[in-house]
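Step one of this worksheet: look at the structure below.
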Amino acid sequence: MNYPDYIWLKEAGPRDGLQNEEAFIETDDKVKWINMLSESGIDEIEYSSFVHPKWIPQLRDAREVGRKIKRNKNVFYSALVPNLKGLEHALEVGIDGASIFMSVSETHNKKNINKSISETYPVLYEVIKEAKQANKYVTGYVSTVFDCPYEGKVDPEHVIRVCNQLMEDGVDAISLGDTIGTAVPSQVEALLERMLTEFSSEQLIMHFHDTRGMAIANILTSLRYGITRFDSSVGGLGGCPYARGAAGNVATNDVLYLLHGLGIKTGIKEDKMQQAALFIQDKIGKKLPSKTVASQANDYKKTV
């Protein structure tokens, strides 16, 4: 099997990971953690979300975090922005890339954004346009591309339609989200076979949650289709506030174990990522779901 030579990983823990935690992680701890991640060799860090604090109170310190983090010149720093005000705040404190978001499922989109899909496009178009004028890379998160917690199975043609519109509006890449973590490899195959007739593999990012333990299998399937970009969260931290029971993103630590075991280069130091996982595990006060973190925890503690 010919796998890609190099994989780009986006660390989504500081945003997608923390937004579903009940406890607020102190700003200085967030900053220290992100600085640890910055020294791991990770390609990209999505460091926060510039949404209104009443929607995601755990990330109400996004601007302060953006000002305080120590930026590594080899790391791409992005943030989630829901509207022009969010983009303004993100640009003020510094981003390399802006991420916008919507769902393929009408019901999930209304729960998540409080708008229909047709009402969402004009809002996102303005954000995309302003971000591009500021010379920022724009990623379009597309949620519930396999299954919706309200509507069930999602037709790949709905995914194509949404992605085509976002590309037409100017996004640089699409992140395809298994938001509730229920997809299996056959669904990944079916969607990618259709997506790759419309888009290049370089334009696609896979975003798997691990609710049913299928995320690693789904990543392996994606690799076989030439996908080279994935979102992950250190230790498997996270979930979706609008999809009850959804687990966090696939654990960065577990993805690294897979990729390095396959001989695929990432440039990421597994020991540094383990250190970052144990740090945030201590701060949130509960065990992270990553099997790799759990199995190596004692070995790591013996060496520090």
Quiz prompt | Salt bridge R161-E157, side-chain N to carboxylate O under 4.0 Å | solution = no
Self-check item: Partner residues of K272 under the salt bridge (Lys or Arg N to Asp or Glu O under 4.0 Å) criterion, sequence neighbours left out
Solution: none
Quiz item: Parallel, tilted or perpendicular: which fits the ring planes of H207 and H209, with parallel below 30° and perpendicular above 60°?
Solution: tilted
Quiz item: Would you say the side chain of D16 lies within less than 4.5 Å of the side chain of D231, judging by non-hydrogen atoms?
Solution: no
Quiz prompt | Residues in salt bridge (Lys or Arg N to Asp or Glu O under 4.0 Å) contact with E92, at least two apart in sequence or another chain | solution = R67
Exercise. State which residues pass side-chain hydrogen bond (donor to acceptor under 3.5 Å, both in side chains) with T144; sequence neighbours excluded, sorted by chain then number.
Key: none
Quiz item: D43: what forms a salt bridge (Lys or Arg N to Asp or Glu O under 4.0 Å) with it, not counting sequence neighbours?
Solution: none
Practice problem: Give the intermediate values and the outcome of side-chain contact (heavy atoms from CB on, under 4.5 Å) for residues S99 and K10. | Solution: CA-CA 12 Å; S99 300; K10 174 196 286 186; 3.8 Å; yes
Self-check item: Approximate separation, where rounding is to 0.5 Å, of Y47 OH and S38 OG
Solution: 11.5 Å
Quiz item: Nearest 0.5 Å, what's the CG-OG distance between D96 and S78?
Solution: 8.0 Å
Quiz item: Ion pair present between K111 and E106, side-chain N to carboxylate O less than 4.0 angstrom?
Solution: no
Quiz item: Roughly how far apart are L278 CG and N253 CG, rounded to 0.5 Å?
Solution: 8.5 Å
Quiz item: Between D5 and K265, is the closest basic N to carboxylate O distance under 4.0 Å?
Solution: no
Quiz item: Can you name the side-chain hydrogen bond (donor to acceptor under 3.5 Å, both in side chains) partners of R60, sequence neighbours left out?
Solution: none
Practice problem: Go through E270 and H260 one step at a time and tell me if the side-chain hydrogen bond (donor to acceptor under 3.5 Å, both in side chains) criterion holds. | Solution: CA-CA 9 Å; E270 290 186 57; H260 293 167; 2.7 Å; yes
Quiz item: Considering residues at least two apart in sequence or located in another chain, which fulfil the salt bridge (Lys or Arg N to Asp or Glu O under 4.0 Å) criterion with E198?
Solution: R194
Quiz prompt | Donor-acceptor contact below 3.5 Å, side chain D210 vs main chain V250 | solution = no
Exercise. State whether K129 and D169 are salt-bridged, where the test is any N-O pair (Lys NZ or Arg NE/NH1/NH2 against Asp/Glu carboxylate O) under 4.0 Å.
Key: no
